[in-house]
Every structure is written in structure tokens, then in C-alpha cells.
Amino acid sequence: MKKNQRVVLGMSGGVDSSVCAYLLKKQGYEVIGLFMQNWDSYLNNDFLGNVSETKETCNVQKDFNDAKKVADKLGIKIYRVDFIKKYWNKVFKYLIAEYKKGRTPNPDVLCNKYIKFNEFIKYATKKFKCDKIAMGHYANVKKTKDQYYLTKAKDENKDQTYFLCWLNQDQLSKTLFPIGNLPKDDVRKIAHEQGLDNWNKKDSTGICFIGERKFKDFLNNYIPIKNGKIVDIVTKKVVGQHDGMTFYTIGQNKNLGLGGKQNKYFVCAKDFKKNIVYVVDSINKDKYLTSTKCEVEQFNWINPNPKKSGKVQIRFRHRQELIDGKYEIKNKKIMLTYKPTLSVTPGQFAVLYSGSKCLGGGIVNKIF
């Protein structure tokens with residue numbers, strides 16, 4: 001019986017995890033809420049880049065109060081845990097190192113692997129002797145025989161399997177996703193019907209556990225500005241000045257300081273030795289930003305013993321349309337071929353799918 005099973009739920013103060021708490025309790029589980037704090041602006045020298053000068057961008061205490069209100073209303077206990085140092089070492093150091101290399105990392109994937117589904121599981125299991133943990137992600141876990149499969153959420157627009165691509169069998173075996181089969185609108189409706197005050201709370205945006213930031217200014221807390229030239233890759237003419245090439249990503253077309261030009265410009269390459277950001281106009285964009293092949297490293301297969309090659313669908317960015325392609329395993333790396341695609345970028349995660357199943361993902365290393 002579920003009433004004999006104890007579940008520790010990650011509660012953030014948002015509507016998704018709040019509805020998870022309601023659903024789990026309704027299903028008969030013993031539910032304990034656990035609120036994670038993974039970032040401290042003062043400890044981590046996070047002073048530049050706040051969206052507003054008059055309010056904190058990521059108000060941890062307010063979020064905890066929202067979570068506690070829900071827990072009190074539902075009659076469940078809630079606790080706090082601090083993973084600030086672990087988040088810095090496991091997630092944020094990687095983020096900064098990748099940006100310094102001129103790549104485009106995704107910290108959410110690492111946050112899920114190392115914090116939400118590792119440190120959280122260890123803490124919840126040791127302190128509360130729980131049977132399972134639960135999270136408010138839009139995703140599903142299905143078990144067939146002795147295998148656990150990560151599958152897409154019913155609401156594909158909210159599907160978060162992209163960010164869960166580095167999870168393994170052990171992590172999935174211990175996890176519940178209570179809202180994986182619900183559209184977002186239904187989640188808000190349930191919260192409203194149950195009188196949860198946060199039913200219309202805005203979804204969190206920005207960096208996982210850090211919040212929304214003026215990203216270039218935020219990175220400047222940790223990466224010094226080094227000015228240089230912006231060069232048109234076709235004409236070789238200098239068209240502007242950049243304030244640190246680490247702050248630009250391949251395919252970017254906003255905040256380049258190149259307004260008033262006849263054609264829109266896109267970042268298409270970076271030369272670290274010469275400190276040059278290369279851009280291409282919209283007329284020549286396809287020629288310089290399109291790829292059909294890439295090498296992927298550190299690939300995580302969610303289910304072991306994959307075939308050496310096969311047809312898949314690929315996603316290089318969250319919410320990007322799935323791209324038909326093929327994979328081939330070569331010397332512990334994955335070679336992907338796919339239909340012509342714009343702005344595939346080193347450092348991004350390439351996540352593979354077969355139907356509704358997420359097969360896993362890895363880091364784009366080289367583009368061809």
C-alpha cells in the first residue's frame with residue numbers, strides 16, 4: 001500500500017512541486033517536503049547582473065515561505081537543506097570553466113545529475129529513510145522488466161527530459177514525477193481548486209537555483225571583461241567592438257551592439273588567440289551557421305548496452321524541435337549526423353530520443 005511508503009519531495013515554493021505534494025498525499029503516500037538552497041549571492045560574490053536594483057532576483061526566504069504555506073495547508077512537514085558548496089563545486093565551477101573556453105554549457109543538466117538526483121537522494125534517504133524521492137519535473141519514469149525508462153511528459157511544450165539526460169538507472173529507480181502526465185494548465189487548475197496561494201505564481205526562469213540575471217553582467221562577477229573586435233567573416237571588416245568574447249554564443253543575434261546595420265548579424269565563430277568575435281549577416285547565415293554532423297563526448301546512455309548505431313531524433317536545445325538523425329559509437333564518443341541545422345554549438349548538450357523515450361545525452365565537442 002502506498003500509505004506505507006514515505007516520499008521526500010523537493011519543494012521549491014512553485015506551483016509544480018506544490019501540486020506534486022497534493023497528488024502524492026491524495027495517492028496515500030507519507031509525504032515530507034524538502035526545500036533546497038543551492039545558491040547564496042553574498043557567499044558567492046554575486047553582485048552584478050541583478051534584473052532589478054530594488055529587489056532580490058532570487059528571494060530564497062520568500063520561496064521557502066511559499067513552500068511552507070503549501071506544506072502547512074496540506075498537513076505535511078517541510079525541512080530545509082543547504083547544498084550551496086556542493087552546487088558551487090559540482091555545477092558552477094563547470095559553468096565558468098566552459099564559458100572561459102568559449103563554449104555554451106547547460107548547468108541545469110549537471111544540477112539534476114549531481115544535486116537534485118544525487119545529493120538530494122542521499123540526504124533524503126539517510127535522514128528520512130524514505131522509499132522514494134519526488135520532483136516537480138515534467139517527465140515520466142516507466143519500468144519494463146528490470147529496466148527504467150525516462151519518457152517525455154504529456155505536455156511536450158513543458159517536457160524537461162532534455163535536462164534529465166544524465167540520470168542513470170539507480171536515480172530513476174528512486175524517483176517519482178507526479179505531474180508528468182498533466183498539462184501545465186491542469187496543474188494550475190488543481191492548485192487553484194485546492195486553494196494553494198501560489199497557483200498563479202510565475203514560473204522560475206534563468207540559471208538553475210540562481211534565477212534570472214542580466215547574463216553578461218552576471219558572468220562578469222567571475223570572468224573579467226577583455227575588449228576586442230567584432231569582424232564580419234565575409235568582408236573581413238571590423239563592424240564593432242565586443243566586451244569579452246566569453247559572453248557571446250554561436251548563433252546569438254541580440255545585444256551585439258550592431259544596430260543600424262543593413263542586415264541583422266549573427267555570431268558565427270570566435271578566435272580566442274586574436275580575441276575576435278566573428279559575425280555573419282542574415283544573407284550568408286546558412287552558409288556559416290549550418291552543420292550536418294557533430295562529435296559528442298561524455299555521453300550518458302540511460303539504458304545500458306546500446307546498439308553501435310541507429311536512427312534517432314536529436315535535440316540540441318530545450319524546446320527545440322526534434323531533428324531526425326543517426327548516431328554511431330566510435331571510441332567512446334558519439335558521432336551524430338542530422339539534417340542541416342543552425343547554430344549547433346560546442347558545450348551544448350545533444351540529447352537523443354526514440355519515440356517517447358529519452359535515450360541519454362552528451363556534450364557537443366566538435367561541429368562538422
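Predicted model only: the values in this text are computed from it and were never measured.
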Do Asp232 and Tyr265 pair up side chain to side chain, a donor and an acceptor below 3.5 Å, judged on atom types alone? yes
Strictly below 4.0 Å, N to O, side chains only: are Asp46 and Arg213 in salt-bridge contact? yes
Check: Asn253 side chain, Phe266 main-chain N or O, donor-acceptor pair, under 3.5 Å: no
Within a strict 4.5 Å, meaning less than it, do heavy atoms of the Ile32 and Val7 side chains meet? no
Sequence-distant partners of Phe215, ring-ring contact (aromatic ring centres under 6.0 Å, His included), two or more places apart: Tyr99
When you compare the side chains of Ser291 and Tyr338, does any donor N or O come within less than 3.5 Å of an acceptor on the partner? yes
Kindly indicate, with the supporting measurements, whether the criterion side chain to side chain donor-acceptor pair (under 3.5 Å) is fulfilled by Asn303 and Gln147. CA-CA 7 Å; Asn303 299 93; Gln147 288 283 303; 2.8 Å; yes
With the side chain counted from C-beta on, respond yes when Ile302 and Leu359 share a heavy-atom pair under 4.5 Å apart, and no when they do not. no
Report the distance from atom OG1 of Thr125 to atom CG of Asp131, rounding to the nearest 0.5 Å. 9.5 Å
Do Phe316 and Tyr288 land in one hydrophobic cluster if side-chain heavy atoms of ILVMFWY residues count as linked below 4.5 Å? no
Counting only heavy atoms not in Lys184, do more than 12 fall under 6.0 Å of its NZ? yes
In terms of relative ring orientation, are Tyr162 and His318 parallel, tilted or perpendicular, with 30° and 60° separating the classes? tilted
Of all heavy-atom pairs between Met11 and Gly33, which one has the smallest distance, and what is that distance? SD-CA, 3.7 Å
Should the pair Asp281-Lys285 be classified as a salt bridge under the 4.0 Å nitrogen-to-oxygen rule? no
Might you work through the side chain to side chain contact (heavy atoms under 4.5 Å, CB included) test for Arg317 and Gln348, ending with a clear yes or no? CA-CA 7 Å; Arg317 288 180 291 279; Gln348 286 179 324; 3.2 Å; yes
Decide whether Glu295 and Asn365 meet the rule of one side-chain donor and one side-chain acceptor closer than 3.5 Å. yes
Passes salt bridge (charged side-chain N to carboxylate O under 4.0 Å, His left out), Asp108 versus Lys116? Steps please. CA-CA 10 Å; Asp108 297 62; Lys116 291 182 182 176; over 6 Å; no
For Val15 and Ala191, work out which heavy atoms get closest and say how close. CG2-CB, 3.6 Å
Can you find a side-chain donor-acceptor pair between Tyr353 and Thr161 that sits under 3.5 Å? yes
Taking the side chain as everything from C-beta on, heavy atoms only, tell me whether Asp155 gets closer than 4.5 Å to Leu182. no
Indicate, with yes or no, if the rings of Phe92 and Trp39 have centres closer together than 6.0 Å. yes
When rounded to the nearest 0.5 Å, the distance separating CZ of Arg188 from CG of Asn198 is 8.5 Å
Given the rule in the salt bridge (charged side-chain N to carboxylate O under 4.0 Å, His left out) test, do Asp324 and Lys339 qualify, once you have shown the distances and angles that lead to the verdict? CA-CA 7 Å; Asp324 289 330; Lys339 69 179 185 179; 5.8 Å; no
Exceeds 12 heavy-atom contacts within 6.0 angstrom, atom NZ of Lys307: no
Rounded to the nearest 0.5 Å, what separates atom CD in Glu119 from atom NZ in Lys86? 5.0 Å
I'd like to know if Ile250 and Val351 are part of one continuous hydrophobic network [Ile/Leu/Val/Met/Phe/Trp/Tyr, side-chain heavy atoms within less than 4.5 Å]. yes
For residues Phe120 and Leu110: do they belong to one hydrophobic cluster (side chain heavy atoms under 4.5 Å, members Ile, Leu, Val, Met, Phe, Trp, Tyr)? yes
Under 3.5 Å, is there a donor on one side chain and an acceptor on the other for Asn220 and Asp217? no
Go through the steps for Asp66 and Lys62 under the test salt bridge (charged side-chain N to carboxylate O under 4.0 Å, His left out), then give the verdict. CA-CA 6 Å; Asp66 289 346; Lys62 183 182 183 305; 3.2 Å; yes
NZ/Lys152: more than 12 non-hydrogen atoms of other groups inside 6.0 Å: yes
Assigning hydrophobic clusters by single linkage (Ile, Leu, Val, Met, Phe, Trp, Tyr; side-chain heavy-atom cutoff under 4.5 Å), is Tyr248 placed with Tyr222? yes
Got more than 12 heavy atoms from elsewhere within 6.0 Å of CD, Glu321? no
Closest heavy-atom pair and its distance - Phe299, Gly362: CD1-N, 3.4 Å
Distance in Å, Ile190 CD1 paired with Ile179 CD1, rounded so as to fall on 0.5 Å steps: 9.0 Å
Is any side-chain heavy atom of Leu164 closer than 4.5 Å to one of Phe117? yes
With a 4.5 Å limit on heavy-atom distance, are the side chains of Lys229 and Gln241 in contact? yes
pair Lys216-Asp243: side-chain heavy atoms closer than 4.5 Å: yes
NZ (Lys73) and OG (Ser18) are apart, to the nearest 0.5 Å, by 12.0 Å
If you count every heavy atom of other residues, nucleotides or ligands that lies below 6.0 Å from Lys264 atom NZ, does the total exceed 12? no
Minimal non-hydrogen separation, Arg103 against Val364, with atom names: NH2-O, 3.7 Å
Taking all heavy atoms of Ile367 and all of Pro346, pick out the closest pair and write down the distance. CG1-CD, 4.0 Å
Which one of Tyr123, Phe128, Phe35 satisfies the ring pair (Phe, Tyr, Trp, His ring centres under 6.0 Å) criterion with Tyr79? Phe128
So, do Ile133 and Leu176 sit near enough that their side-chain heavy atoms are less than 4.5 Å apart? no
Let's go through Gln194 and Tyr22 carefully: what are the C-alpha distance in whole Å and the side-chain angles of both, what is the deciding distance for side chain to side chain donor-acceptor pair (under 3.5 Å) to 0.1 Å, and is it a yes or a no? CA-CA 8 Å; Gln194 297 306 313; Tyr22 165 74; 3.3 Å; yes
Are Val234 and Ile283 joined in one hydrophobic group, where the rule is that I, L, V, M, F, W and Y side chains link up if heavy atoms are under 4.5 Å apart? no
Where Ser17 and Ser12 come nearest, the two heavy atoms and their spacing: OG-N, 3.2 Å
Trace of the side chain to side chain donor-acceptor pair (under 3.5 Å) decision for His137 with Asn112: CA-CA 10 Å; His137 290 73; Asn112 282 326; 3.3 Å; yes
Side-chain ion pair, Lys201 and Asp63, N-O less than 4.0 Å: yes
Validation row, ring centre His242 to ring centre Tyr278 under 6.0 Å: no
Taking atom CG of Asn221 and atom CG of Asn44, what is their separation to the nearest 0.5 Å? 10.0 Å
Can you confirm if the NZ or CZ of Lys357 lies within 45° of the ring axis of Tyr149 and under 6.0 Å from the centre of its six-membered ring? yes
Does either side chain, that of Asn181 or that of Tyr138, offer a donor lying less than 3.5 Å from an acceptor on the other one? no
We want to know whether Thr151 and Ser356 form a side-chain donor-acceptor pair, criterion being a heavy-atom distance below 3.5 angstrom. no
Heavy-atom side-chain proximity of Val280 to Val267 below 4.5 angstrom: no
Centroid-centroid distance, Phe83 to Trp88, less than 6.0 Å: no
